[in-house]
Every structure is written in structure tokens, then in C-alpha cells.
Amino acid sequence: MKHALVIIVVALAAVCPPAQAQNTTPRGDVLVRGGTLLTVTGGTLEDTDVLIRDGRIQEIGPGIEAPDGIKVIDAKGQYVMPGILDAHSHIAISNVNESSAPVTAQVSVGDVLNPYSISLYRALAGGVTTSHVMHGSANVIGGQNETIKHRWGITDPEGLRMAGAPRTIKFALGENPTRVHGRGTNMRPASRMGVEYVLRETFSKAVRYQESWARYEEEARRNSRAVPPPYNGQLEVMADILSGDIIVNCHSYRADEILMLMRVLEDFGVDRVTFQHVNEGFKIAPELAAFGSSGAAASIFADWWAYKFEVYYSTAYNAAILTRNGVLTSINSDSGELNRHLYHEAAKSQKYGSLTDDEALALVTINPARQLGIEDRVGSIEVGKDGDLAIFDKHPLSIYAVPQKTIVDGITYFDIDRDADDMRLAVDPEASIDTVILHDHSDHHRCLHVGSLDLYGLLDSE
Amino acid sequence: MPMFHRYGRILPLFFVLLAALPLLARGQVDSGNEIPEVTRTYALINARVVQAPGRVLERTTVIVRDGLITAVGTDVTVPFDAERIEADSLTIYAGFIDALSHAGIPAPKEQPRPERPDNPGFPPDAEAGILPGRDVRSLLEADHKSIKDLRQTGFTAAHVVPRGRMLPGMGAIILLSDGSVNEMVYTGETSLFAQLASARRMYPGTDMAVIAKMRQLFRESERRSRLEKLYADNPAGMLRPQYDPTHYALFPVLEADRPVFFHTEDALDIHRVLSLHQELGFSLVLTGANQSFAVTEKLAAAGIPVMLTLDLPEDKRDKKKDKEGEDDEAEADTTAAAPATDTAGELPEVTEKPAHDPNLRVKDSTDLEAEKKNLEARRDAQRQRYLTNAGMLAKNGLTLGFTTLDTKAADALPNIRTMVENGLSQDDALAALTTNPAQVLGVSAAMGTVEAGKLGNMVVADGNIFDKESKIRYVFVDGRKYEVEVKKEGASDSTAAAAVAGTWTYTVKTPEGEISGTLTIDEDLSGTISMDVMPEALDIENASFEDGVLTFSFDVGGTEIVTVTVTVEGDEFEGEATTSDGPVPLSGSREPETNL
């Protein structure tokens, strides 16, 4: 809601220090030479170069002449794919859940980004360059999310933000919000019906809030003494959802509930939604595809379920069924470990459902980019897009693939050849450092010891 | 011990009474029957006077009369009624100013698990830690030990703020004397204190919610302030704006009439507070900021004053090696004492500490020692950044002051000396202790230098105060002289346990009266505790004594364990006994040893 902000901005202008110069994130130049390009949107190009200038892809083609002094990466025999996107993550933030109320739309994980989190580097080591960092799922309407780029080494949290990425917010249906609130504090929602009630009540409040501000603005044109209605940060955000400025991302499993939210959103004229997890999405794929003007999207796990009652009815064919039914589908990690092998997760859609290479790769690249509204910037190798690349030694859908280099905005943030033992950005000055003894020093227990051929201590010459 | 336990049940009432005590005390007026002071005039004769950073006068006399410095000079007549202090071996500095402190503010005895409000998403402001209108002056306890502790280290004034969570209240500047609260208060409503401290089990329960709440409060206050102005301008036909203490307390902050002292703990906090500052536009003084070395450029660009914590990370280097190192140093010193000219240009051989190699990749897991050494080197290098932080901030032109909020008073001066050893110039250190906080707090006309007309706030040391060897001899606060007890050499070296061994009588203050008893502790920290309401003595368990703090517990039967934590000073201790219902204050004294 811009009108309320205008008042505040005008009112504060007198005391505000001049805004700091727009945070400029580092951008690099690099020529990636001779790799097999998996462009995702433009097919596979053998022995092709990619030239990145000032953080953007400037040229794609064979035998690009290297500009003077540019860093050249020899990718001959290697596979170059767009940087992987994780559409559902909780890395690099200090708080995940503001669980004190069933609606906390006013909070944002973007306010508590933590660029020191080693998870960023680990994600880079799995080829992931962009994460959709989400609020937790304790609330029917949780906080706002943040789309970040993994610019490892920048310690100013502003440097992680992907400037210009659309705003998104977390919703949650089912067991989580009813457990935390209904059973936890004896508040609404205690049931799945209650979840719908909270949604409708909150959207209705937002409609009234919009109306009261519209009335005020109308009156303020005639009357300089018009009285503005109370400011409500939560309803500001809800109103922005109604205006289409914020994309809803909803934690959901069961088909009936997903249908419920689609009805609620239709009633309030909200056109963009991505369902997260969506384990029962395969049951209602046509309905998802038919939602709104361009369908509801689905961001799912490849094969993770049965960790709570409402996720028992699941299938590893979910990605393929959704894709074949025309649902914009991505595969996410929701985990600081799983995000390091999202390319494996994508490959599972070939084992279960025989998706093509491009379809499978799209699940972790261009599709999540479209869900987040950043498909013009990332998600494929195209001229004009951000210089975000992941380079693998084998085809990334092969189980033998190992990420070699990961590039964000033309800067190499992960290089397997320069992967030092301690990549943390800061350490505790009071840490006590203990030696971890992995084996007896007498060398008797070296079986299965990786990295040493001297399995039985036979070569020990001491 | 059923009695002891039962008292715990009515503790809440007790706390209410306790909270009311300072109010009652403040209501008292001097009876006029007190013994008059012999004199309130002092003459410090022929001292070295550091009037202000970089301004030193030799063999100068300072006269303090009725609370004020009345003369500083070489040609000063000593008044007939002055107490004469021959100060020719002493150095006088302006009294230190603690830019942010909880001195005189007792720690609230928080319930371990507070009641969750009916609607945790919308708790009452006070429960959520949102008290921007609370005045710290109503919380001061004049005889709180923390005031004396701070004074002993050279601090004469402190900007005190309430304890609490997100917005604990408004600060005041107090003089660290032993007068009544009213005498101590220099000025009130000086600041709004803020921290990224979430509420427990209610909104705002996370840092991100604290930030969102801050936005909500500022924007709605802005609106209400506007309504107030419209109404004041012409109330006719306008709905009357409704008063509320929370938003109204923020009006002066919106006008930038009242600065926000925002306390931060790490670099992330600093970034978040700077973002809020930029967004909401309040006038900001950053405090704590222990990792400001990671944000220096941004702070300098924004021109934010930093009141740096006096806490420093502990040195975790291997104790054994450290000792060896000290021995080496001692030897090196001896060599250095030999004719220096002979070895000019030749540095004493120092065992180089291995430098941290950021690119280290051990060959395999057998090379653990290399990895460990590297991690240690990195940790020690990281600690060094904290030690050099103050000097770097000053060099970057930031207005630097100090806060003791997270610091034990006894660590303050030693840590400042460590900062000076690590690149903080003595002038910058003195400015950070005197003129800078005076300027940031708007009291430069009255404090911060040794000049005629200023308050009689001074520190008098037997040498350069930034030297490890120097001792503070006197502290003058508001023109009153306080002698600093110089601890006997080696007193602190006596074995720890011996310092608590003996028979102690103690008193626990409970709401229904006092419980007294005897605590007997041997040098091996075993002992017994008896109580006048109990027939027999109980064994104490898990006793420890470190840094003057004695901790032990005892089992009173059932499942109830009482834990006692007291700070021992000489033959007195003070602290609390905690049951499952919460803590109660406990104090005691050692019975004199009887020589048979």
C-alpha cells in the first residue's frame, strides 16, 4: 500500500539521513570455454563458450575471442548448466518462525538475513546460486520470504538480496498451524476448517483496510485536515497480496486443502500462488493447471514423505504427473543438506516418470525462476541473463556428477580446486579447539579410511 | 526444608513489594539531623593534570568546592577550609563517563517461565517489553553495589537505562556518588533505550518481529503525532485523538529530540539496526557493537557514534604454552635490560606464532594437528580484531565512547588498557572515557574535562592511568572524595578456596520474614548449611568458587534442590538462593576466627 508509505516518507523526510548509495553487489567478467552447455531453454550446445561481462551473459557461441585480461575457465569435457535455484529454503536467516500468532504477515525473513551462514557456501558447492528463503510454516499466514543470491563473502546482509525479485509470502495449511495454535495455545485455528476461516477473515480485514485508506485519500484531496486511519503493518502486507504485489507460497499437502485455498484466493481475486510440498498434487494436477490466469504452481520434494500423518499419501511420480498436466513444477530442498544435491533430486523425475533432460533440469532452474518471477534474470543460459552458472564434471543428471565451479554474477564463489578446509567467514574468538581423533594413532584401524592407500598401516615407516 | 520451599509460593507478592521499595525510599527527605561533612572543599596540590585529551598541565593545583571544580592552575590560593591532598606524585583526569549502563538498576528476578498471555500474538505492551515511556529514575537504587563498583574503576557519571527487552524505557544521566537517588540524578529523559531483544513466548518473539514491531510503532506514532498537531491546531469538528503511553513516548524520538541508544551484540545486529535507522530516521547512538570492526566503513559513512562494549573475548590460548610464553618474555625482558645500545636494531628472538593459512587443505585426516593449529591461529587472529577494534574505530574518525553494559566493572579498566596496548591512542582512550560521551550525551558544558566551572568529577591515579602498574587513588564525584581501596599485593593470589573457607552466618529475605542460619565451608569446598527453621544441617554439593563467586546447591528433600550463588567480598557475601519457584536474596558474613 503505497499511500500510507507516502505519508510516512514525507513526514520522515525532514529527519531522514540521505539514503545510502544503492548497494552495489560485486559483478565479474569471465569466459567459460568449450563446455557442453545445458541451456535448459535453448537445448544442449556442444563445445560452446559463454562470455560473462559485468555480471551478465553477453555472448554464447563457439570460439568467442577472449577480451583482454579476462579470466578464462576451461570447461572442455565438462557440463555447464544455469545456476540451480532452490525454491524452498531456510538457510542464511537468523529466525525462521514467528510463531506467536496465526497471522504474522508483517514480519519478513529478509530483515534477518545472515550472510555469515556457512550453508550458503555449502549450497554453492552443490551448484545452487539462488535460494528462495522462506518463513516457517507455524502460521496460517506467516511472514514474508526473501529471494537471495549466494554471494559468499559479502558480510552486509543487503548484499545477499536479489534486487528486483518480486515479494513473496508464506502461508501454511494443515497440521502445522493447527498444532501450533489450535492445540498449542487454544486459539484458532484448531481444525482445517479454522484455517480457512483465518484466511477469509484476514483477507476481509485487508479489503476493509484498503477501503478505509482509499476513503481517506479521496477525502485528503479535498480536505487538508483529513484524518488517516490507523497504520497496520500486517494489513499493509495483506493488501499488497490483494493488489497482486506479493506472490503467495503455501505450505500444503492434502488435495482438499489445496482446493480450498484456490477457492479462497479466487474469491479475493488473488491470481498468483505457488503451493509448496504439494504431496497430493498428483490428485488435482488439472485443477492446479486451470487456476487463475496462468495456473497455480507446485514446488515439491522428489521423494520425501511419511514424516507426518498428512504426508503418507505420496508418490515419487508427483513431478512427472504435475509436469505432464501442465503445472509449473519445481523441486526444492527445504533443507541445508538436500540443497547440495538438487541435481540428483531433479534426476529422480527421470527414474520415476521419464521426464526429458530439459524437463528434469527445468525443475531446479527455469521453473523455480518462473515461480519466483525472476525468469528474465536467471534459470537458463541466455544472453542478457545474470551470469550464474554451475559447472559439473559429468552430466548433472548423472549420479556420478560432481560440481566443479559455481559462478554468481560472473564471480566464481565455489571452485573445487580452491575449496579450503575452513571456508567460514568468521570464527568465535573464544572457541576451544579440540582435536577430533578419528582413529588410533598406532595405525591399526585404518580400514575404510578414505584418502589413504595405506589401509592397514603396512607402509608406516616410522 | 518445607518452610523454605513454601515461601517460594508467594514470591510474586514479594517482588511487588521489593519493586516498591525504592519508591518508598525516594519519598524520604533528608532529616537534617545527619552529621555534617567536615569539609566539601579539596585542594589537590601540585598534581599532573590531564585537563582534556592532549592537554596536560604539570605541577598544577585543582580546587574542588561544594561540588564544582573552582580553580585549576599553578598560581592558586588554597582555601583555608580545604582538605589538602599533596598530589605531586598523582595524575588527575576528568571523571570517566559510562555511556550506557545498568548501574543502580537491580536485575529483575524474572520468572523462569513467564505466564503466556491469553493472546500471545497481541500481548499488552508492558509484557512484550515495550515500555518506551518508562523512566529509569523510578528504578534506581541509590545504595546498589554496582554504583560503587563502577566508581572504584574511575567512572563518575553514567548514562543509565532500564533493563528489559525491546524498548525498556528512557535513560538518565546519574552521578555515581553515594547520595540519595535525587542527589545522584543529573538529568532525565535523555534517551530511548532499544535492543533487538524479543519477548518470550509472545509477539514479538523473534528479531524479525522486533524489527516489524519497531516499524509499526514508529509509523503509527507518526500518524498519532500528526493527529495531535491537527487537534492542537483546531479541535473543532475533529474526533479527539486518544492518548496512549507507548506511542506518545515516541513523539520526541520522531522529532529526533531524543536519541535512540540501540544496543547490539554482533555485526548482524549492527547491520539490522543501521537499516532500521535508515528506514525510520531516528537519531542513533550505537552501543555494544563488539563486532563493529566488521562494519566500520558503513558506520563511518553514516556518522553514527559508537559506544563500544568494554567486554573483550577471553584469551583461549593454551594455558601451558602461554606460561612458557610468559617465561620467554620475562627472559627477553632481562636481556633487554642489558645495555640496549649493543643490540640496537636486533630484535629479541620471538617464537613466531604460526600464522593462519586461509587456504589450508590437509592431505588427509591423519593431519589433524595441522588443522588444529590452523584453527587456533585463526581464532587467535580473530580475537585480535576485537582487541584492535577500538583503535581502528577511532582512527576511522568515529565518535567513540564506552559502555559497561555487558562488562564486569572490574574488567573495565584492564580492558581499556588492553585496547591501548593494541593501537588505541591514549588520547583517544581518554576522549572515549570523557569528552566523547559528554558530547554525545549533551553534557559537555558540565562534564568531561578538568576545568574550573565543571562538576567535581575526577579520577586521581598514582601514574598514567593507562599503565598496568598505575592504581586509582581517589575518585571525586559531584565534589565528594572517595578513596579507592588498594588491594594488597598477592591478596587475590591466595588460593581460591581459602578465601571462602570459614563459618558464615547468612540471612535469606523471604516475604514472610527472614530465615537465618550458618554455612560452614572447608578449604576443599565441602561443607554444611544449617537453618534456624531446620533441625539439622545439610551437606552442600557441587560447590565451586571462581572469580569471587561461590556457587553450591543443597537437597532439601523431595525433589527440591536449592541453588545458591553469591559474590564474596572479603568477609561478606551477597547473592541469591534459587528454588524451583525463583530466587530470593541472600546475604551473609564470615564469623571472625576464634583463636583458642
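So that the names make sense, note that chain A is the first sequence line, chain B the second, and so on, each numbered from 1. Hydrogens, waters and symmetry mates play no part in the numbers below; they use all other heavy atoms, side chains included.
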Novice: If you look at every heavy atom in B:His271 and A:Pro157, which pair is closest and at what distance?
Specialist: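 The pair with the smallest heavy-atom distance is CG-CD, 3.3 Å.
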Novice: Under the side chain to side chain contact (heavy atoms under 4.5 Å, CB included) criterion, do B:Arg272 and A:Asp111 qualify, and how do the steps go?
Specialist: CA-CA 7 Å; B:Arg272 289 165 191 171; A:Asp111 285 331; over 6 Å; no
Novice: As an exercise, state the distance from CD of B:Gln291 to OH of A:Tyr116, rounded to the nearest 0.5 Å.
Specialist: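 Reported value, rounded in 0.5 Å steps: 6.0 Å.
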Novice: Show the nearest heavy-atom pair for residues B:Arg223 and A:Pro229, with the distance to one decimal.
Specialist: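 Result for this residue pair: CD-O, 3.0 Å.
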Novice: Under a 4.5 Å cutoff for heavy-atom pairs, which residue among A:Ser100, A:Ala420, A:Gly110 has the most contacts with chain B?
Specialist: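 Top option by heavy-atom pairs under 4.5 Å: A:Ser100.
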Novice: Could you look at A:Asp419 and say if it's the side chain, the backbone, both or neither that has a heavy atom under 4.5 Å from chain B?
Specialist: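 When you check distances to chain B, atoms from both the backbone and side chain of A:Asp419 fall under 4.5 Å.
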Novice: Heavy-atom cut-off 4.5 Å, strictly under: side chain, backbone, both or neither for B:Pro123 against chain A?
Specialist: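 Nothing of B:Pro123, per the 4.5 Å heavy-atom cut-off to chain A.
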Novice: What part of B:Pro241 lies closer than 4.5 angstrom to a heavy atom of chain A: side chain, backbone, both or neither?
Specialist: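 Answer is neither: B:Pro241 stays 4.5 Å or more from chain A.
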Novice: Quick check: closest heavy atoms across A:Pro429 and B:Arg379, and the distance to 0.1 Å?
Specialist: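 Scanning both residues, the minimum pair turns out to be O-CG, 3.4 Å.
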Novice: Atom CE in B:Met208, atom OG in A:Ser94: separation rounded to 0.5 Å?
Specialist: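 Atom-to-atom, B:Met208:CE and A:Ser94:OG are 9.5 Å apart.
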Novice: Which value, rounded to the nearest 0.5 Å, describes the distance between B:Ile211 atom CD1 and A:Gln106 atom CD?
Specialist: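 It comes to 12.5 Å.
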Novice: Heavy-atom cut-off 4.5 Å, strictly under: side chain, backbone, both or neither for A:Ala226 against chain B?
Specialist: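 When you check distances to chain B, only backbone atoms of A:Ala226 fall under 4.5 Å.
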Novice: For the residue pair A:Ala101 and B:Gly121, what are the closest heavy atoms and their distance?
Specialist: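 Between these two residues, the closest heavy atoms are CB-CA, 3.5 Å.
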Novice: Measuring heavy-atom distances to chain A, does B:Leu312 have an atom under 4.5 Å in its side chain, in its backbone, in both, or in neither?
Specialist: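 Only the backbone of B:Leu312 comes within 4.5 Å of chain A.
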Novice: How about CD on B:Gln216, more than 12 heavy atoms from neighbouring residues, nucleotides or ligands closer than 6.0 Å, or not?
Specialist: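 Counting neighbours around CD of B:Gln216, more than 12 heavy atoms of other residues, nucleotides or ligands fall under 6.0 Å, so yes.
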Novice: At a heavy-atom separation under 4.5 Å, does A:His181 approach chain B through its side chain, its backbone, both, or neither?
Specialist: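 No part of it gets close to chain B.
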Novice: Side chain from CB out, backbone as N, CA, C, O: work out which of these in A:Ile93 comes under 4.5 Å of a heavy atom of chain B, or both, or neither.
Specialist: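 No part of it gets close to chain B.
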Novice: Using only atom types and a distance under 3.5 Å, with no angle test, would you say the side chain of A:Arg225 pairs donor to acceptor with the backbone of B:Leu230?
Specialist: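 Indeed, once roles are kept as given, a pair shorter than 3.5 Å links the two residues.
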Novice: Side chain, backbone, both or neither: which part of B:Asn374 has an atom under 4.5 Å from a heavy atom of chain A?
Specialist: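 For B:Asn374, there is no contact with chain A at all, as no heavy atom is under 4.5 Å.
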Novice: Can you measure from CG (B:Asn359) to CZ (A:Arg418) and round to the nearest 0.5 angstrom?
Specialist: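 The CZ atom of A:Arg418 is 8.0 Å from CG of B:Asn359, to the nearest 0.5 Å.
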Novice: Rounded to the nearest 0.5 Å, what separates atom CG in A:Asn114 from atom CG in B:Asp266?
Specialist: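 Rounded to the nearest 0.5 Å, the CG-CG separation comes out at 8.5 Å.
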Novice: Can you check whether A:Glu430's main-chain N or O pairs, donor with acceptor, with B:Glu314's side chain at less than 3.5 Å?
Specialist: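 The answer is no, because no donor-acceptor pair under 3.5 Å joins these two groups.
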Novice: For a side chain to side chain contact (heavy atoms under 4.5 Å, CB included) check, start with the C-alpha distance between A:Val227 and B:Leu227, then their side-chain angles and the critical distance, and finish with the verdict.
Specialist: CA-CA 7 Å; A:Val227 172; B:Leu227 294 193; 3.4 Å; yes
Novice: Let's test your reading of the structure: which of B:Leu268, B:Asp118, B:Asp357 forms the most heavy-atom pairs below 4.5 Å with chain A?
Specialist: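 Of the options given, most contacts go to B:Leu268.
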Novice: Do you know the tightest heavy-atom contact between B:Tyr203 and A:Glu98?
Specialist: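 Reported closest heavy-atom pair: CD1-OE2, 3.3 Å.
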Novice: To the nearest 0.5 Å, what is the distance between OG on A:Ser99 and CE on B:Met202?
Specialist: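 Answer for the OG-CE pair, A:Ser99 versus B:Met202, is 12.5 Å.
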Novice: Specify the closest pair of heavy atoms between B:Arg378 and A:Ala426, including all atoms of both residues, with the distance to one decimal.
Specialist: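 Nearest heavy atoms, B:Arg378 then A:Ala426: NH2-N, 3.6 Å.
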Novice: Answer yes or no: is there a side-chain heavy-atom contact under 4.5 Å between B:Leu375 and A:Arg424?
Specialist: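 Yes. Closest side-chain heavy atoms under 4.5 Å.
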Novice: Need one label for A:Val109: side chain, backbone, both or neither, based on atoms under 4.5 Å from any heavy atom in chain B.
Specialist: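 For A:Val109, heavy atoms of backbone and side chain both lie under 4.5 Å from chain B.
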Novice: State whether the side chain of B:Arg215 and the backbone N or O of A:Val107 hold a donor-acceptor pair below 3.5 Å, judged by distance alone.
Specialist: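 No, B:Arg215 side chain to A:Val107 backbone: no donor-acceptor pair under 3.5 Å.
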